[in-house]
Structure formats: structure tokens, C-alpha cells
Protein chains: 2
Amino acid sequence: MSCQCGHDGWTGEKTVSKPKNGTVAAPVLRHHTVTSADVAREAGVARSTVSRCLSGDSRISEATRDRVVATAERLGYQINKIARSMNTRKSDLIGLVTSGLSDPFRVEFLDHLIAAIQQAGFRPLVIDVSDPALMETSMLNLLQYQIAGIVVTSGSPPPAIGQHFLRRDVPVVLVNRAGLLEGADVINCDNIAGGQLAAEILLASGKRRLGFLNMRGGTYSGNARGEAFVAAIAPELASGAVSFTPLSCNSADYDGGFQAGLKFLGKENAPDAIFCGKDHIALGLMDAARFELGLKVPDDLAIVGFDDIVAAGQRAYRLTTIAQSPARLAALTIGRLKQRIAGEVIRDERLILPVELVRRETV
Amino acid sequence: MSCQCGHDGWTGEKTVSKPKNGTVAAPVLRHHTVTSADVAREAGVARSTVSRCLSGDSRISEATRDRVVATAERLGYQINKIARSMNTRKSDLIGLVTSGLSDPFRVEFLDHLIAAIQQAGFRPLVIDVSDPALMETSMLNLLQYQIAGIVVTSGSPPPAIGQHFLRRDVPVVLVNRAGLLEGADVINCDNIAGGQLAAEILLASGKRRLGFLNMRGGTYSGNARGEAFVAAIAPELASGAVSFTPLSCNSADYDGGFQAGLKFLGKENAPDAIFCGKDHIALGLMDAARFELGLKVPDDLAIVGFDDIVAAGQRAYRLTTIAQSPARLAALTIGRLKQRIAGEVIRDERLILPVELVRRETV
DNA sequence: CGCACAAGCGCACACGTGTGCATTGGAATC
DNA sequence: GATTCCAATGCACACGTGTGCGCTTGTGCG
């Protein structure tokens, strides 16, 4: 429609193309993408030979291969991966299910993941599921692209959805999610150990009024961390050596932590040691405490975060936190996908990555 | 190879499928994706009718459409967009050229852009060009996916590359880049006005030793901001009322700014008012000044940033800065792409988005 | 010189969809 | 009741690539 001259003119030219002798016909430039047929004609071979040359088939002589490759280069040939996928019924796209880029740790993880995906010869196709109601639809829609695999970094996919991916041999990896999805690999950092480490360092600091701050309603990871924390302080709690208060904020970000600080701190018997479900919350809490309420950190209030995002190490915060490694998370994710895409049959696994206490200046 | 039972079994079943009478044959589940042919057979119509139903062709009766849609739903049919693209020679993918996710402003912009792309019915296909040498190859590789458009948010594409996209009617938008690409739309924030605003507020603050800090070698945006800054202070500079020092750091991020602070500040005659090419640098500079050198901000050192990233507004920084709107940038980008993809012929344009001074506490 | 064998190459089909055009069925008009 | 017309639907081709199978060409040996 937008191209009056394109295809018709060209096929016409093709079927009528008698003038094989004489000067080589000037390449028809008009709107037409160079296909393997063009390369074949130009190099004087069959189209199938072009395909085999470019895919490194061993049955092709080196001379022919060189000639074809050179011709392809000269014509600016770009293989049509859509057509290839049509044939092979698989693309080299990997679906990335996320929800926005406002969570700093997730961004760091995606940064590594995108690099790793590309490094492995695939391409990331991002879908945003900020609206949880659209999760199922969005994930299924990814199947429309014949994706090679899918990584879920946000949201809780409906468990039954896994079958659709299993049936099509599309591997699924859930990262830092609950492992409810049938047939999916699940990779988590060690939330349990993280909660314990946080408990240990806060108990050792001598604080007595402990708290755990996380988003209202919680998330899988956050809840796991909080439960481990509570379990770890259970003896001291039972003996009355310390008290514990669960705290919640309205959003899992800086502002959520900041508002929670204004709300819960500065009162009589307010907690003097708070473990936050994630660093971003901790930073907001810390700023509210220091700048709005005049509390000294860590003297009046000790804070432990989780994730070790870049900002946590900045001089303005120096947050003590539990570090998980986005690089290792990404490497493991893509490694797992590659195995399954290559056809290896491995059983679903629940992988746990170690975490590490990073001592800075907030405890 | 990984599917012994799949295709062969199914086509066999198809060619032999006599049993049209009697009970409806149980759907063959094995490894086989549901195609429009399956829906057609199940609904008792032709495949072309299925296609027309799902694409909203008006020539289809409502009764037929409802039946087909219901059947498709029941079978879990997902259209194969690869096959559709094969036919239409266009996909609904939009290439996003970026380099990592470590630049906070770019992340904010991408966040809005990805949402806008999805909202407009497209899908973002991300490529990372952290290695500038691979820029041309990577951009051309995007053509293999028959993308509908491309947005460049990082790097400097070789000018000649534009022709490849033009020839295939693939619109290109450059965001906050030099406008060197033939046939591309270019969208920039108003770097000139930004530089001027920074100059005005710093001059008005009474500081006398001005500086501009940016990454060594500079970037298109950074240089434009710096030049506008210098031009705006030219009169005072000429009259000797103020001095000016260009400063550079090794990386365009927090650490670059931090290291630059250690290097340039705290000395005799060090600048007492610095305009930074971007907020992220400014935050590092600010922390070095406050926490390492004991300078008071803004008393000993005034700082103006650029971008107004989220962190700049946090209580620990309260950075005075020049704000550009990632949301408007994204909206404009996708709007421009949509027009061109829809076939509208509009002339290349160089769009400038307004910036705004955000007064906080560092001047 | 004739034959066997192997390597290199081309033919033709398949992948799943959109769409121009022919065909069918029914309704309306004379 | 016959004819015309329109709406609804089916047929068949095209999109660009991968690949099994058969054909051609060249080489070595008897």
C-alpha cells in the first residue's frame, strides 16, 4: 500500500530476467529488502547454498562459502530472522517479565541479565506487567513471538499458566519469586540466611526494640526475610530480652520508607533497630530518621537493609545490609535457560544463592 | 529433534482425517501449537474466515465472529505473530538501543518509554551497545527482526547507517543525541536553556569561582550544556567578576563525581560553584565535598545538576538542578514513531523539550 | 578407457498467516 | 418464478528461510 513500486515490479523483473548476458544488470534498489535469493542470483548459486554457507554447513567448499559470504556482505544482506523462525518454529527472543524500572535492585539485575542474554546470542523482549491483572494475558502473549524462553522478575504468575509453556517446550525461570509455577526453575537468594544475619547483627548491637519494615501485604521475598528474622530472634523474644514490632509501608520504595519513618519513629517506645525488606525502603527510613526527626543513626536507630543496591554504598548512606549478587543471579538464570533451550532435560530445581552481610555504618 | 511425536504425527492425522462424522475427535494435544487452521476446523469455517474474524474484518457476520472467537478462546489459540510478520513484512517490535542500565536518568526514561511502547500496541526489543564499536552491527542486526521502528538512547550511530533504515521505511528517533543521522527524528531537551539557567542561578548566588564538571571527552548533551553555561557567564567572565574552570571526571556517574570532588576541591582557589553535566555526577561530587572534605553545601560550595533524577530530590541530597521530563520525552518519542509507522509522511524534525529550574538546597 | 564413489549443489516442500478474487447462498425486485 | 445484486465465505498464492533427497560433476582406481 505504501509501496507502489516494490514487490510487483521486482517479481516482474525476476520472471522476465532474460538479459543474463552482457553487463550485469544494475541492482534494483527501490523498496526491496535483499533476500537470500538475491545473494544467490548475484553469486551464481542456488538459494539453498546461500543458506548452508551462512549457517556453516560443512558440505560447502571453502571457495564457494567465501564467495557467497562476500556477496552477502556486498549487497548488505541481513538474514530475515522472522522467516527463519517461521521455519524452525523458534525465535532467539527471550521474554523478560518485569514491572517498571523503579526498583533499583531489579534494575541492576536486569542490567546484568540483558547483557548476559545478548552475550548468549539471544535478544530480550521486555513486557511490563505493572497491572497484575494482566499478568496471565501478557505472559501468554509472549508465546505469539515463538520465544525461546522466559524470565519472570516480577509478579506472581498464575500457577496453571506453566502448562502452556511446558507444552511448547518454552523454559521458564522465576527469579526471586515464589516457586508456585509448574515446570519452572526457581532461583532465589537465601532469604532465610539473610533474615538470620540481620537478626544476629542487630541483636549483637545491643538494641532492644526490634522492628521489621516491609511493604503492606508483603511480597514473597520480603515475607520470607521477615519470617526468618523473627524466627532468629525468637529465643530473646521469649526471654523478654527484646521486643518486636512488625511495621508496614505503603510502597516498596524510598518514599514508602520515608513515610513509614515519619509515622513510626520519634515516639515513645519506637523501635531502635529496624530490619528493612529491601534497601530502597531503608534509605527512605534513614532519611526520615536523620533529617526529619533528628535521630542519630546508628546511635538512636540501627538499620539493616537487604540487596546492597549501589546507592546503599554511597557516602550519604553507608547502609549496613545483606548483599545478594545480581551478576550471579543473572548468570545462573541464563545458564539454566541455555541448557533447557539446547534441549537438555533437567529436572526443575529450586536454586538458592548465598547472601552476605555488608557491614557499613548504620548498625 | 526434541519432538518425536509432534509435527509428523499431526500432519499424518490431518491428511487422513476422515472421521468428520460422529463424535468430535478429541483434540490432539501432543506437542503441537494450536494454529488458525485448528480453530477453523473446530469451528467449521475456512481458515481465512478465522483470520478475518480475529482482525476485525467487517465482512464477517456477528454470529460467525462470535463462534470463531469462542472456539479460539476454548482451544487456547495464540496467533503466531512471526507468521503474520512474515506475511506483512513488519513486526510490532520496536528496537531500543541503549547501553546498560546504570545511568539513572536513562533508566527513568526507558521506564516511561517501555510503558508507552506497550500502551501503543508495540513491544520493546532491547539491544545493548556498551561497546561503541558494535553499534553499527547491532543496529543493523535489529533489521533482522523486521522491526517497526527504532529508538536510540545511547551512543552515536554512524551517520551513513540511516539509509538502511530509510530504505526499509523503518523510522528512527534519536533521543538526547547529536542529530547526525540521516532521515532520523531527533528529540533533545533544551540543553542551551538549561546551561543558561544554571549560569543565572549560580551567578545570582554570589559565587565567584565557577566550574563545569562533566565526563572526560564529554558527550553531546554534556558539551552543549557546558557551552551554553560558558556563553551565559561570558560577560562576567570578561569583566573579571568571576572565573571559570572546566573540570572532568573519568566516568559519568556517582563515583566519577566523587573522585573528581576529591581531586579538585579542598584546594586553594578551588571552585565554589559547580554546574554538573548530570545529576548522578553531582551527587558524587556533593558527597565528596560534604563527607570527605568537610565543605558545607551550599555555603562553601554551590552545586547545580541536570536531569532531576529521583535521587536528586531525596532528603539526603536536595539537589538544585535543571529538570527534564522523561515522561514527555517518552510520549513525544512514541508519538513520532506512531505517526511514521502509520505511514504519515512528515519531515525530519529536531524537537526541543523545555527544561525547568528546580530550586532545592544546594545553591 | 570405464566404472564406482564421494563431494557439492539444486529442487521442492514446509512453516502459519494475510488477502485478492472467485464462488456461493440468500434476499429483494420486477 | 426468474433474475440481479450483495453479503458471506472459501481458494490459492505469497512472504523468506531451512533442509531431505536426488542429481551432477569431478576424481581415483582398475
Side-chain angles (χ1 to χ4, degrees), chain A residues 1 3 6-8 10-12 14-15 31-41 43-68 72 75 77-92 143-146 168, chain B residues 1 3 6-8 10-12 14-15 31-41 43-68 72 75 77-92 143-146 168:
Chain A
M1 176 174 288
C3 174
H7 173 60
D8 287 336
W10 185 73
T11 38
K14 186 172 82 174
T15 48
H31 283 195
H32 172 249
T33 59
V34 179
T35 71
S36 61
D38 298 327
V39 177
R41 188 162 8 89
V45 298
R47 194 184 52 72
S48 57
T49 301
V50 173
S51 171
R52 285 191 247 264
C53 284
L54 299 176
S55 66
D57 192 309
S58 59
R59 300 182 307 170
I60 301 293
S61 75
E62 200 155 327
T64 304
R65 188 195 315 281
D66 289 349
R67 184 160 42 96
V68 169
L75 296 185
Y77 171 66
Q78 290 282 332
I79 195 175
N80 185 332
K81 289 204 176 175
I82 297 288
R84 167 189 284 178
S85 295
M86 167 97 272
N87 199 340
T88 62
R89 293 191 280 301
K90 267 287 191 278
S91 73
D92 56 4
L143 288 173
Q144 301 176 339
Y145 299 90
Q146 314 301 105
R168 297 181 181 221
Chain B
M1 177 175 289
C3 173
H7 174 60
D8 287 337
W10 184 75
T11 37
K14 186 172 84 174
T15 48
H31 283 196
H32 172 249
T33 59
V34 179
T35 72
S36 62
D38 298 326
V39 177
R41 189 164 4 94
V45 299
R47 195 185 50 73
S48 56
T49 301
V50 173
S51 171
R52 285 191 247 264
C53 284
L54 298 177
S55 66
D57 192 308
S58 60
R59 301 181 306 170
I60 300 293
S61 75
E62 201 153 328
T64 304
R65 187 195 315 281
D66 289 350
R67 184 160 43 96
V68 170
L75 296 185
Y77 171 66
Q78 289 283 333
I79 194 173
N80 185 332
K81 290 205 176 175
I82 296 288
R84 166 190 283 178
S85 295
M86 167 97 271
N87 198 340
T88 61
R89 291 192 282 301
K90 268 289 191 278
S91 73
D92 57 3
L143 288 173
Q144 302 176 339
Y145 299 89
Q146 315 301 105
R168 297 179 181 223

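In what follows, chains are A, B, ... by sequence order, proteins preceding strands, each numbered from 1.
Judged by distance alone, the side chain of A:Arg168 and the main-chain N or O of B:Thr33 form no donor-acceptor pair under 3.5 Å. Put simply, the side chain of A:Ser91 never gets that close to the backbone of A:Ser85: no donor and acceptor are under 3.5 Å apart. Put simply, the side chain of B:Asn87 never gets that close to the backbone of B:Arg84: no donor and acceptor are under 3.5 Å apart. Between the side chain of B:Ser36 and the main chain of B:Arg47, no donor-acceptor pair closer than 3.5 Å is present.
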Between the protein and nucleotides 19-21 of chain D, list every N/O to N/O distance that falls short of 3.5 Å.
residue	atom	partner	partner atom	Å
D:dG20	O6	A:Arg52	NH2	2.8

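Side-chain proximity of B:Ala83 to D:dG10, C:dG16, D:dT17: nearest is C:dG16. Relative to the side chain of A:Ser36, the nucleotides D:dT17, C:dG10, C:dG8 differ in distance, and D:dT17 lies closest. Of all nucleotides listed (D:dG18, C:dT17, D:dG10), D:dG10 comes nearest to the side chain of B:Val45.
Among the atoms of the strands shown, only primed sugar atoms or phosphate atoms (P, OP1, OP2) are found under 4.0 Å from some heavy atom of A:Thr64. B:Ile79 comes within 4.0 angstrom of the backbone, heavy atoms only, and of no base.
Rounded to whole Å, the distance from CZ on B:Arg89 to C1' on C:dT19 is 12 Å.
Here B:Tyr77 reaches the OP1 or OP2 of C:dT17: one of its side-chain N or O atoms lies under 4.0 Å away. Proximity of B:Tyr145 to the phosphate of D:dG16: no side-chain N or O atom is located under 4.0 Å from OP1 or OP2.
Toward the 5' end of DNA chain D, the nearer of the two residues B:Arg67 and B:Met86, judged by each one's closest nucleotide, is B:Arg67.
We find the OG1-NZ distance between A:Thr88 and A:Lys81 to be 10.5 Å, quoted to the nearest 0.5 Å.
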